[in-house]
2 protein chains.
Amino acid sequence: MAPITNGRHIFKEIPSGYPIPGKTTVYDGSQTVDVDTIPLKGGFLLKTLVLSIDPYILARMKAPAGSPLVRPRVNNYGVGVVLRSENPAVKAGDHLYGRFPFEEYFVQQDAKAFTVIENKEKLPWSAYVGAAGMPGQTAYSGWKKYANAKKGETAFVSAGAGRLVVQLAKRDGLKVIASAGSDEKVQFLKEIGADVAFNYKTTKTLEILKKEGPINVYWDNVGGETLEAALEAAAMDARFIECGMISTYNSPYGVKNLMHIITKSITTSGFIVSRAFPEFTQPFFAEVPAMLAKGELKVQEDITKGLEHVGEALLAVLQGANTGKSVIVVAELSTY
Amino acid sequence: MAPITNGRHIFKEIPSGYPIPGKTTVYDGSQTVDVDTIPLKGGFLLKTLVLSIDPYILARMKAPAGSPLVRPRVNNYGVGVVLRSENPAVKAGDHLYGRFPFEEYFVQQDAKAFTVIENKEKLPWSAYVGAAGMPGQTAYSGWKKYANAKKGETAFVSAGAGRLVVQLAKRDGLKVIASAGSDEKVQFLKEIGADVAFNYKTTKTLEILKKEGPINVYWDNVGGETLEAALEAAAMDARFIECGMISTYNSPYGVKNLMHIITKSITTSGFIVSRAFPEFTQPFFAEVPAMLAKGELKVQEDITKGLEHVGEALLAVLQGANTGKSVIVVAELSTY
């Protein structure tokens with residue numbers, strides 16, 4: 001076969017505020033690849049199917065050199081299909097999940113860096129970068145490890161990224177307060193069981209929390225003023241799970257009431273997605289894909305087609321313009 | 001016996017900044033008591049010997065109504081001797097440790113609120129409001145519960161109140177960086193084993209931490225800018241033990257780099273002195289008084305005589321003018 005375009009989306013410069021599509025990251029269609037002849041050197045050739053777009057990509061783009069978030073500045077979880085392999089651990093036709101460069105085709109040596117997805121449930125591949133993938137694992141393992149949830153307690157989950165958390169908290173018998181940035185997202189939060197859902201752009205978070213709290217568990221995707229409100233409305237011995245601080249990636253905010261951590265004996269636990277806890281991997285893959293297939297967990301996806309549009313998709317996620325889990329479809333989706 | 005003065009030091013008004021001796025708290029010498037005839041109503045009469053002065057008293061004075069810190073706004077740990085008792089749980093001559101009103105004589109009903117001190121080690125009673133009392137228990141139980149210390153790690157202990165923590169960390173085999181607000185205090189930190197001790201008023205905390213860190217455990221008595229520096233210099237998976245934020249009691253400070261909690265997977269655990277963990281009470285009293293008696297743990301005390309001077313003593317602690325654990329001696333000390 002003749003060489004074909006191997007499009008990629010690359011990091012260009014550190015954004016000073018929001019990323020600027022075409023400036024801070026750019027699409028490059030100048031590379032080509034011959035998928036039949038490119039040397040594998042004992043590795044395997046992957047064709048990228050779907051890539052996940054998540055807010056923390058901006059934190060990665062802005063992280064100072066030497067931070068564990070850098071290197072390279074744009075890659076993320078994805079699913080691809082093996083086209084050819086010289087590595088006995090994977091074979092042509094296998095679907096692999098792992099960290100992907102933002103590139104249509106690439107050769108890899110290390111099969112251990114990827115997980116072969118069996119997909120017995122025949123979910124769309126995009127599910128594996130969403131509720132059945134890293135974001136799902138983040139929610140699942142973070143909740144199981146840190147929430148220490150007790151029936152009858154109250155949880156506050158900030159921002160739409162915590163939709164799976166809302167559903168896990170409801171399954172554990174908690175009252176759930178959830179916030180999102182549009183009335184449409186608020187409606188979805190109610191559909192998935194949030195007892196109280198509100199639009200933080202039109203309602204004061206602190207007022208809601210004072211009325212509906214105090215809160216025993218706070219799942220933080222937002223940081224900044226929202227974290228301040230959660231500290232103010234926290235119950236004694238509250239657990240704060242620090243998963244993201246999307247409001248501060250662009251404009252740092254000084255949190256002034258950290259003293260509540262002491263007076264209310266609050267524990268805050270931070271963790272990053274790439275360090276999801278191995279002890280929960282097995283139970284996660286045993287439980288969550290099946291729950292998704294049965295419709296016991298509900299998700300929404302926001303599909304963008306084409307590697308060219310990574311910059312716009314990321315900006316939308318950061319500005320809250322997406323309506324569901326943001327996914328780039330690089331090549332045609334299939335459920336086998 | 002004729003009635004005698006029963007002096008007390010009382011909360012008068014919420015300080016706007018530092019407490020003002022004679023204004024925000026005042027000495028009142030107008031009350032009298034007849035220790036031989038005051039009715040006990042089944043309780044017991046205590047004569048206060050020593051009272052502890054700790055920075056968090058200001059937080060208590062400023063806490064909003066309804067906070068667990070209020071009610072009343074000035075009391076603290078003390079040691080007293082029972083003069084008379086109608087309660088079979090305590091007898092005249094017993095020395096009791098617990099929360100004391102700032103008053104020379106008072107009648108109590110609830111013996112369970114106090115601990116009888118045997119003092120086999122014959123320590124001065126003041127030790128029981130210091131390293132052998134609440135501050136010691138705070139350091140001991142907080143360290144044991146949250147530090148998760150591993151030999152060879154690095155700990156940073158801010159401010160003089162963490163002297164016991166410095167020694168516990170050294171016993172666990174850690175490199176210890178410690179800060180204090182005067183060269184004299186720095187000298188004492190070196191004497192008790194700190195590997196790096198510095199005067200935060202004349203040296204930049206962040207520079208020291210960058211040079212001597214990264215830090216795996218941070219014992220925070222200070223908050224504010226120091227907490228910010230510790231976050232900046234934290235290692236992956238660092239544990240932050242939040243015990244006090246003395247720098248912010250008077251002027252709130254917005255901490256802008258909380259994102260490190262996420263990117264470095266930091267756990268922060270806040271706790272308040274009155275909630276020291278019951279599981280460590282027994283080992284604490286088994287270990288620490290004996291270590292003090294043998295000189296294996298070193299302490300310094302800053303003794304102020306007379307209830308009249310509570311305001312000045314508290315102000316000195318808050319401004320860092322004390323040189324050791326601040327204690328008010330209300331009545332003559334004795335070691336039996």
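To find a chain, count down the sequence lines: A is the first, B the second, and so on, and within it residues start at 1. These figures come from a predicted structure and were not determined experimentally.
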CZ (A:Phe240) and OG1 (B:Thr268) are apart, to the nearest 0.5 Å, by 9.5 Å

Output for pair (B:Ser269 OG, A:Ile261 CD1), nearest 0.5 Å, gives 9.5 Å

Take atom NZ in B:Lys175; do more than 12 heavy atoms of anything else shown fall under 6.0 Å from it? yes

Using a 6.0 Å cut-off, check whether atom NZ of A:Lys210 has over 12 heavy atoms from anything other than its own residue. no

Where does B:Leu258 contact chain A at under 4.5 Å (heavy atoms): side chain, backbone, both or neither? both

In terms of heavy-atom pairs under 4.5 Å with chain B, which of A:Asp220, A:Asp237, A:Thr248 leads? A:Asp237

Between B:Met259 and A:Ala59, the two heavy atoms sitting closest are CE-CB, 4.3 Å

Counting heavy-atom pairs under 4.5 angstrom with chain A, the leader among B:Leu227, B:Asn257, B:Thr267 is B:Thr267

So how far is it from A:Arg60 CZ to B:Thr263 OG1, rounded to the nearest 0.5 Å? 11.5 Å

NE2/B:His260 to CE/A:Met245 distance, rounded to the nearest 0.5 angstrom? 10.5 Å

Tell me, yes or no, whether the heavy-atom count around A:Lys256 atom NZ, taken from other residues, nucleotides or ligands under 6.0 Å, exceeds 12. yes

What do you reckon, is NZ of A:Lys12 surrounded by more than 12 foreign heavy atoms closer than 6.0 Å? no

